[in-house]
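Okay, so here's the structure we're looking at.
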Amino acid sequence: MTDAPLLKVRDISKFYGARIGCRNVSFDLWPGEVLAVVGESGSGKTTLLNCLATRLMPTSGSVEYRMRDGTMRDLARMSEAERRFLMRTDWGFVHQNPADGLRMAVSAGANVGERLMAVGERHYGNIRETAGDWLGRVEISADRIDDQPRAFSGGMRQRLQIARNLVTSPRLVFMDEPTGGLDVSVQARLLDLLRGLVQDLGLSAIVVTHDLAVARLLSHRMMVMKDGLVIEQGLTDRVLDDPREAYTQLLVSSILQV
Amino acid sequence: MTTADLATYNFAYLDEQTKRMIRRAILKAIAIPGYQVPFASREMPMPYGWGTGGVQVTAAILGPKDVLKVIDQGADDTTNAVSIRAFFQKVANVAVTTKTRAATIIQTRHRIPEEKLTSGQTLVYQVPIPEPLRFLEPRETETRKMHALEEYGLMHVKLYEDIARNGHIATTYAYPVKVEGRYVMDPSPTPKFDNPKMHMSEALQLFGAGREKRIYAVPPYTEVVSLDFEDHPFEIQTFDKPCALCGAQDVYLDEVVLDDRGGRMFVCSDTDHCEQRCASGHRGHLAHDKEAAE
Amino acid sequence: MYVAVKGGEAAISNAHRLLADRRRGDRSLPAIRIEQIVAQLGLAVDRVMAEASLYDRALAALAVRQARGDMIEAIFILRAYRTTLPRFGYSRPVETGAMLVERRVSATYKDLPGGQLLGPTFDYTHRLLDPSLLTDQEVEAPLEREEAGEPVMRVSDILAGEGLVEDDGSLPEGHVPGDLTREPLEFPMARDLRLQALSRGDEGFLLALGYSTQRGYARTHPFVGEVRIGEVEVELDMPELGFAVSLGRIQVTECQMIAQFKGSAKNPPQFTRGYGLVFGQSERKAMAMSLVDRALRAEEFGEDIVAPAQDEEFVISHSDNVQATGFVEHLKLPHYVDFQAELDLVRRMRRDYEAAQDKDLPEAAE
Ligand SMILES: Nc1ncnc2c1ncn2[C@@H]1O[C@H](COP(=O)(O)OP(=O)(O)OP(=O)(O)O)[C@@H](O)[C@H]1O
Ligand SMILES: [Mg+2]
Ligand SMILES: [Zn+2]
């Protein structure tokens with residue numbers, strides 16, 4: 001980790017009319033760091049994630065991102081062209097529902113290759129080889145490269161979505177419940193895989209989850225949200241082993257009882 | 001109501017106000033090669049989809065001294081070409097020709113003439129769907145953004161899928177091109193055989209899409225590159241045999257079914273080109289039969 | 001042996017001659033006169049005027065005759081004429097509140113100022129073929145009201161008095177109403193342009209879309225606040241004179257469809273409206289238009305866009321029957337150059353396929 005944060009979030013609030021999405025959220029994300037955002041349903045996790053990833057316009061507050069050249073840029077002041085470029089090169093976004101993040105009607109190979117082509121790769125053989133490589137890394141067998149995601153299981157689709165996002169070596173990946181709709185054994189394998197990838201690639205990531213086990217396994221640091229507010233944050237082990245807020249204690253104890 | 005009460009139409013049908021509006025769109029299109037300029041397309045007295053875009057462009061640039069050629073599928077005598085030519089004879093009383101060389105303006109549907117066009121000539125294309133991204137993304141709001149931000153990755157995804165499925169790019173007409181290194185453009189449904197003719201052409205190329213209300217242009221001497229992969233370069237169609245009438249090689253051929261027993265022959269799709277070659281003594285293997293028949 | 005097809009010109013002119021013959025039909029019958037079409041096929045004429053966006057009964061009737069009764073062809077002919085007409089200026093908005101109503105019904109109030117007025121309607125006729133129309137029987141003169149001519153208050157104004165329905169709406173400061181026929185159409189559109197497009201949109205298409213909203217594809221819980229048919233004054237501002245002059249009266253059909261709305265943080269609960277306005281007498285079209293207009297306002301009211309009728313690009317891009325018929329029918333133009341290219345490709349792919357099969361066979365036999 002270097003001494004400058006990758007993402008600087010200050011006082012982000014989002015209101016849907018009179019309803020609060022999230023309120024006054026501030027934090028720094030450091031290179032190579034994985035931050036988990038946990039909290040019960042409706043606590044504002046997805047809202048916050050979408051504000052950070054410029055998929056939603058926050059009502060107030062600012063998000064600054066350190067570009068590859070080292071300059072800090074206010075995301076709200078970037079042109080749409082710059083934002084979209086970031087989205088398809090430097091960032092990844094893994095949706096809870098893989099169908100939202102994949103092109104369901106094109107082959108797995110093209111799904112992975114799309115970002116490469118978008119940044120100018122023009123050698124079919126190389127694109128295919130890289131796509132094949134990545135399918136291997138997410139444990140999809142090479143002979144499925146020309147199949148469409150429709151023909152994949154839920155777990156395979158999620159792994160394909162991850163490969164599609166990581167192929168351009170992004171620096172920052174946003175994930176919204178990446179193990180959401182999967183059954184428990186599939187979840188465990190996917191988590192293992194994700195943990196390996198994040199470590200190998202030195203990725204920074206923000207992972208939204210309501211599952212504390214996911215936070216424990218993947219993240220260095222975590223934030224607990226309730227009613228749109230961050231009520232506790234700290235190193236993951238500290239928060240889970242020694243929760244300070246009564247609400248966090250409740251969350252942790254309820255999961256431990258399971 | 002007598003017919004005399006109905007309008008007497010302006011030179012080249014459109015009123016001067018409308019022509020000015022179209023000319024402004026054309027000038028803008030020339031200034032930004034490959035960019036689709038929206039224009040307030042008019043109803044024309046022929047149906048949308050039958051060349052109204054091309055007709056409006058031609059009407060806007062046509063002068064009394066111009067010589068007009070109209071082709072459809074490469075031929076001057078296809079019914080729609082005949083009809084459009086007759087329209088301009090009627091409303092502009094303009095000189096017409098079938099000779100590519102003699103024309104100052106050539107309006108075309110689906111072909112570029114075989115003979116090299118020269119400086120001072122204008123080729124006007126009739127365009128049904130101007131948006132090369134349309135079948136990948138149906139929304140106008142989204143495709144305009146993709147052009148603005150030069151987000152053309154999706155175009156190559158389509159070509160990638162072709163190769164993955166067929167071993168080669170399976171697009172045969174309306175093959176997308178990149179113009180002057182910036183805009184991806186639909187060359188109209190010409191066969192990809194004609195794509196290389198667009199590159200660095202001496203002639204001005206104008207594209208009119210009436211129903212979709214877009215005009216775009218390729219100015220003379222402009223780079224027009226067909227999209228491809230380094231290891232799967234763009235290729236044009238080739239034909240096994242020369243034209244059966246004039247013996248031309250390296251031209252686009254129409255397949256003509258001769259009987260119900262599988263008999264067929266291949267002849268130039270560009271009828272003027274074929275006639276010029278026959279007139280200067282070139283002969284294909286069926287040319288004798290043809291003369292005998294006449 | 002082979003002679004290229006020639007003579008397109010002669011073929012076309014012969015075809016048109018035959019068309020003229022068929023249009024005239026049996027010469028022993030009198031030719032139908034434009035005045036007869038205007039007088040006796042009035043609703044056909046009205047539809048042509050509405051969708052051609054040109055208010056001229058005689059020309060519309062001529063187009064109907066020229067098109068042999070093919071409505072879309074007639075609309076097309078009249079549009080192609082309209083487009084060549086010079087533009088003198090833009091009239092003031094017509095005041096439908098001041099309409100001289102011939103028909104006016106409301107589904108939301110049993111009785112209301114001005115009353116329910118059925119007018120010349122097919123409603124409540126029994127759709128039994130009427131043999132009396134086979135012959136030219138005497139038709140009774142209609143009964144006329146005595147006090148005709150009084151303007152009748154609009155139902156939307158009655159509701160607006162209590163603030164129960166959104167007001168007529170106002171355009172943003174400095175917004176000049178667009179002109180669909182003069183400027184390129186771009187998405188997203190403002191409502192003024194959208195209404196223009198709907199007003200000339202195909203009756204059948206809008207009917208189907210409006211119907212789909214009733215069946216649950218973007219339900220809006222509509223009530224006919226009011227349908228009114230009658231004549232309105234068209235006025236043109238005369239800057240030189242400093243006042244507006246009347247150009248005459250035209251017949252229009254207006255529909256105000258009242259729809260549900262729960263209210264938001266900014267607005268108290270109130271009814272919203274869908275609007276339909278078309279030339280002539282065309283209740284079906286005006287009602288369908290108002291349903292579709294309301295459905296298309298989904299985004300304005302923060303409603304989810306889930307159905308075709310709410311999708312502006314989809315609806316507006318496909319509502320124009322002159323465009324639609326041209327493009328559908330253009331498929332009969334020659335496409336043999338493209339087809340040749342595809343033929344060539346399919347042959348090549350079949351050769352590859354057969355080669356691959358041949359290669360596989362011996363292995364399988366082993
Ligand atoms: N588009 C919207 N319009 C209005 N309110 C919204 C919208 N999206 C979210 N909200 C509200 O904002 C609050 C936070 O929602 P959000 O989706 O961020 O929660 P979450 O923590 O991601 O929940 P979950 O774990 O169920 O996904 C909730 O009260 C929700 O109802
Ligand atoms: Mg969520
Ligand atoms: Zn030839």
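To find a chain, count down the sequence lines: A is the first, B the second, and so on, and within it residues start at 1.
Listed options C/P188, C/A80, C/P334, C/P86 were ranked by heavy-atom pairs under 4.5 angstrom with chain B; first place goes to C/P334. Contact count against chain C (heavy-atom pairs under 4.5 Å) is highest for B/R211 among B/R211, B/E140, B/Q237, B/M44. Interface check for chain C: of the options B/G210, B/P189, B/S41, B/P191, the most heavy-atom pairs under 4.5 Å are formed by B/P189. For chain C, the option among B/E212, B/K213, B/M46, B/H110 with the highest count of heavy-atom pairs below 4.5 Å is B/H110. Looking only at heavy-atom pairs under 4.5 Å with chain C, the residue among B/K192, B/R139, B/R144 that has the most is B/R139.
Looking at B/S269, the atoms closer than 4.5 Å to chain C (heavy atoms on both sides) all sit in the side chain, from C-beta outward. Both the backbone and the side chain of B/T79 have a heavy atom closer than 4.5 Å to some heavy atom of chain C. Of the two parts of B/N80, only the side chain, counted from C-beta on, holds a non-hydrogen atom closer than 4.5 Å to a non-hydrogen atom of chain C. Both the backbone and the side chain of C/D338 come within contact range of chain B, each with at least one heavy atom under 4.5 Å from a heavy atom of that chain. For B/I129, the part lying under 4.5 angstrom from a heavy atom of chain C is the side chain only. Contacts between C/L180 and chain B at a heavy-atom distance below 4.5 Å are absent for every atom of the residue. For C/R348, the part lying near chain B is the side chain, with the backbone staying farther off; criterion is any non-hydrogen pair under 4.5 Å. Using a 4.5 Å cut-off between heavy atoms, B/R111 touches chain C through its side chain atoms alone. For B/F266, the part lying under 4.5 angstrom from a heavy atom of chain C is the side chain only. If you measure heavy-atom distances from C/L333 to chain B, the contacts under 4.5 Å come from both the backbone and the side chain.
Within the 4.5 Å cutoff, the side chain of C/R182 has no heavy atoms near those of the B/M21 side chain. A 4.5 Å side-chain heavy-atom check between C/T83 and B/Y13 finds at least one atom pair inside the cut-off.
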Run the salt bridge (charged side-chain N to carboxylate O under 4.0 Å, His left out) test on C/R347 and B/E255 for me, step by step, so that the C-alpha distance in whole Å, both residues' side-chain angles and the decisive distance to 0.1 Å come before the verdict. CA-CA 13 Å; C/R347 281 186 181 134; B/E255 180 171 335; 2.9 Å; yes
In sequence, state the C-alpha distance, the side-chain angles, and the governing distance for C/L345 and B/H168, and then conclude on side-chain contact (heavy atoms from CB on, under 4.5 Å). CA-CA 10 Å; C/L345 179 70; B/H168 50 82; 3.5 Å; yes
Apply side-chain contact (heavy atoms from CB on, under 4.5 Å) to residues B/Y173 and C/H335 and explain how you reach the verdict. CA-CA 11 Å; B/Y173 62 92; C/H335 281 81; over 6 Å; no
Full working for side-chain contact (heavy atoms from CB on, under 4.5 Å) between B/T78 and C/Y336: CA-CA 11 Å; B/T78 34; C/Y336 42 77; 3.1 Å; yes
Candidate pair B/N10 and C/T84, rule side-chain contact (heavy atoms from CB on, under 4.5 Å), full reasoning: CA-CA 9 Å; B/N10 191 28; C/T84 65; over 6 Å; no
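Within residues 307-331 of chain C, the residues that have a heavy atom under 4.5 Å from a heavy atom of chain B are C/D311, C/E313, C/V322, C/Q323, C/G326, C/F327, C/E329, C/H330, listed by number.
Within the 3.5 Å criterion, the main-chain N or O of C/T181 finds a donor-acceptor partner in the side chain of B/R42. At distances below 3.5 Å, at least one donor-acceptor pair connects side-chain atoms of B/Q73 with backbone N or O atoms of C/V337.
Counting all heavy atoms, side chain and backbone alike, B/Y252 lies closest to C/Q340 at OH-CB, 3.7 Å. For the pair B/A40 and C/P184, the tightest heavy-atom approach, listed with the atom from each and the gap, is CB-N, 3.7 Å.
Within 6.0 Å of the CD atom in C/E299, the count of heavy atoms belonging to other residues, nucleotides or ligands does not exceed 12. Summarising the local packing, CZ of C/F187 is surrounded by more than 12 heavy atoms from other residues, nucleotides or ligands at distances under 6.0 Å. By the neighbour-count criterion of 12 heavy atoms within 6.0 Å, atom CD of C/E183 is densely surrounded, having more than that number from other residues, nucleotides or ligands. Taking a 6.0 Å sphere around CZ of C/R87, one finds it holds more than 12 heavy atoms contributed by other residues, nucleotides or ligands. The number of heavy atoms from other shown groups lying within 6.0 Å of CG (C/D304) does not exceed 12. Atom CD of B/Q89 has more than 12 neighbouring heavy atoms from other residues, nucleotides or ligands inside a 6.0 Å radius.
Residues satisfying the side chain to side chain contact (heavy atoms under 4.5 Å, CB included) criterion with B/D76, sequence neighbours excluded, are B/K69, B/I71, B/R85, B/T98, B/T271, B/D272. Residues passing the side chain to side chain donor-acceptor pair (under 3.5 Å) test with C/R350: none are found, sequence neighbours excluded. With sequence neighbours excluded, the residues satisfying side chain to side chain contact (heavy atoms under 4.5 Å, CB included) with C/P177 are C/L171, C/D192.
Ion pairing of C/E186 with B/R214 is absent here, as no side-chain N (NZ or NE/NH1/NH2) approaches a carboxylate O to less than 4.0 Å.
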